[in-house]
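Letters go in sequence order (proteins before strands), and every chain restarts at 1.
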There are 2 protein chains.
Amino acid sequence: MTDPSARPTRAQQRRQTEENILAAARQMFAELGYDRTTIRAVAKVAGVDAGLVMHYFGTKDELFSRAATLPADELPGGTTEQVTEALLASLAKRLDGEPVASLAVLRSMLTNTDAADRYRAAAEPQLSQITAAIPTADAELRASLLSAIVHGVIIERYLLRLGRLADASPDQIIELLRPCFRILATAQTPPSTSQPVTDG
Amino acid sequence: MTDPSARPTRAQQRRQTEENILAAARQMFAELGYDRTTIRAVAKVAGVDAGLVMHYFGTKDELFSRAATLPADELPGGTTEQVTEALLASLAKRLDGEPVASLAVLRSMLTNTDAADRYRAAAEPQLSQITAAIPTADAELRASLLSAIVHGVIIERYLLRLGRLADASPDQIIELLRPCFRILATAQTPPSTSQPVTDG
DNA sequence: GTCTATAACCCGATAGAC
DNA sequence: GTCTATCGGGTTATAGAC
């Protein structure tokens with residue numbers, strides 16, 4: 001082999017170029033969503049020609065597919081308590097340092113069916129795990145609510161930038177959410193049974 | 001006057017046509033989002049010519065603006081308890097039969113800045129009211145979380161159709177959410193330190 | 001491997017005939 | 001008031017030169 005640091009092989013260079021394109025694509029999909037990011041713009045950001053992007057990925061869908069692959073952030077099974085904490089930890093991780101691939105899918109999923117499918121595919125095993133850890137008959141619905149809360153928080157923090165959610169510390173958010181998650185996951189009745197509040 | 005039912009005036013007919021166009025636009029914006037709905041398609045659904053849509057509304061943005069006007073769903077101020085219940089009631093209302101204009105904004109807000117602004121404008125007064133009703137120092141963040149939960153639930157129910165959230169009854173969802181909302185709004189410490197869960 | 005040129009097809013918006 | 005034709009722009013994708 002010749003000196004690998006001075007003269008990268010063709011395969012290495014190709015890999016590097018491909019990675020540059022994917023990074024640029026992830027960034028743009030996350031910022032603009034599927035429809036508004038164009039191959040041309042991605043190519044420009046990556047510093048290559050638009051034709052080359054097509055040459056590597058064939059189609060825009062394929063590029064999105066490769067760029068927006070989610071790292072199946074899986075929860076370990078276990079007790080209700082453990083799963084709840086794992087879910088909170090997973091959220092905390094996503095709350096500091098924007099997960100750009102995740103944002104790409106999130107921003108695209110409302111307009112691109114492929115992104116929606118991808119998101120569903122990534123979310124469903126998590127959903128099952130959470131469901132399995134909840135001991136009530138309506139476990140599925142409770143798990144869905146937990147999922148909805150997680151995604152609602154992420155969307156409002158990163159995509160919509162509404163209220164104080166945009167700049168609050170992850171820890172602060174997690175601490176406020178923990179009791180909610182516990183109640184949803186363990187089906188305990190809240191301490192305020194004395195007040196059913198039928199009145200408006 | 002001539003018989004009004006048999007021969008509508010010019011103004012009436014114009015109003016009717018305009019309403020048809022707006023209904024078609026609302027429907028398509030809700031289903032496809034801003035980018036993917038085209039003037040041409042709206043015109044076809046409304047049964048008119050594309051040029052006519054331009055003639056009436058001038059620009060696509062203006063059409064969206066007219067179609068996606070939100071009915072400022074306001075909360076009455078009051079005690080923490082009252083505001084919490086009002087927020088739940090507001091959510092319940094949106095959970096059976098979500099108005100199509102609201103869905104149009106929701107689906108468009110991640111790609112169209114105008115939709116995002118519109119949404120923020122509709123959400124912010126609500127946010128302030130909730131904030132005002134929460135007695136803690138981190139009231140703003142708590143209010144933001146409540147808002148995030150509401151929108152997360154709606155997005156997953158109507159736009160993403162994930163899990164059981166899509167077909168659950170509004171009442172069931174509200175009942176599960178009530179304890180969460182109370183904890184977030186009243187800052188009570190959860191009873192979890194002694195682990196009251198029946199089983200692990 | 002890289003890039004230029006262009007095909008083929010959409011779009012929003014405009015101008016003008018009837 | 002309604003529609004046809006078209007302009008000027010964008011896009012993905014393809015074909016081919018270097």
Nearest-Å distance for atom pair [atom1]/[atom2], residues [X] and [N]:
{"X": "B/Asp49", "N": "D/dA5", "atom1": "CG", "atom2": "C1'", "value": "11 Å"}
{"X": "A/Leu63", "N": "D/dA13", "atom1": "CG", "atom2": "P", "value": "10 Å"}
{"X": "B/Ile39", "N": "D/dT4", "atom1": "CD1", "atom2": "C1'", "value": "17 Å"}
{"X": "B/Asp61", "N": "C/dA13", "atom1": "CG", "atom2": "P", "value": "7 Å"}
{"X": "A/Arg36", "N": "C/dC11", "atom1": "CZ", "atom2": "C1'", "value": "13 Å"}
{"X": "B/Lys60", "N": "C/dA13", "atom1": "NZ", "atom2": "P", "value": "8 Å"}
{"X": "A/Met54", "N": "C/dA8", "atom1": "CE", "atom2": "P", "value": "16 Å"}
{"X": "B/Asp35", "N": "C/dC11", "atom1": "CG", "atom2": "C1'", "value": "11 Å"}

Are side-chain N/O atoms of B/Asp171 and B/Ser169 paired as donor and acceptor at under 3.5 Å? no
Side-chain H-bond candidate by donor/acceptor type, A/Glu156 with B/Ser144, under 3.5 Å: no
Does the side chain of B/Leu184 reach to within under 4.5 Å of the side chain of B/Thr84, using non-hydrogen atoms? no
N or O in side chain of B/Tyr56 less than 4.0 angstrom from D/dG1 OP1/OP2: no
side-chain N/O B/Thr17 vs D/dG1 OP1/OP2, d < 4.0 Å: no
Which nucleotide sits closest to the side chain of B/Arg40: D/dC3, D/dA13, C/dC11? C/dC11
Assign A/Phe57 to base, sugar-phosphate, or nothing according to its heavy-atom contacts below 4.0 angstrom with the strands shown. nothing
Would you call the rings of B/Tyr34 and B/Phe29 parallel, tilted or perpendicular if under 30° counts as parallel and over 60° as perpendicular? parallel
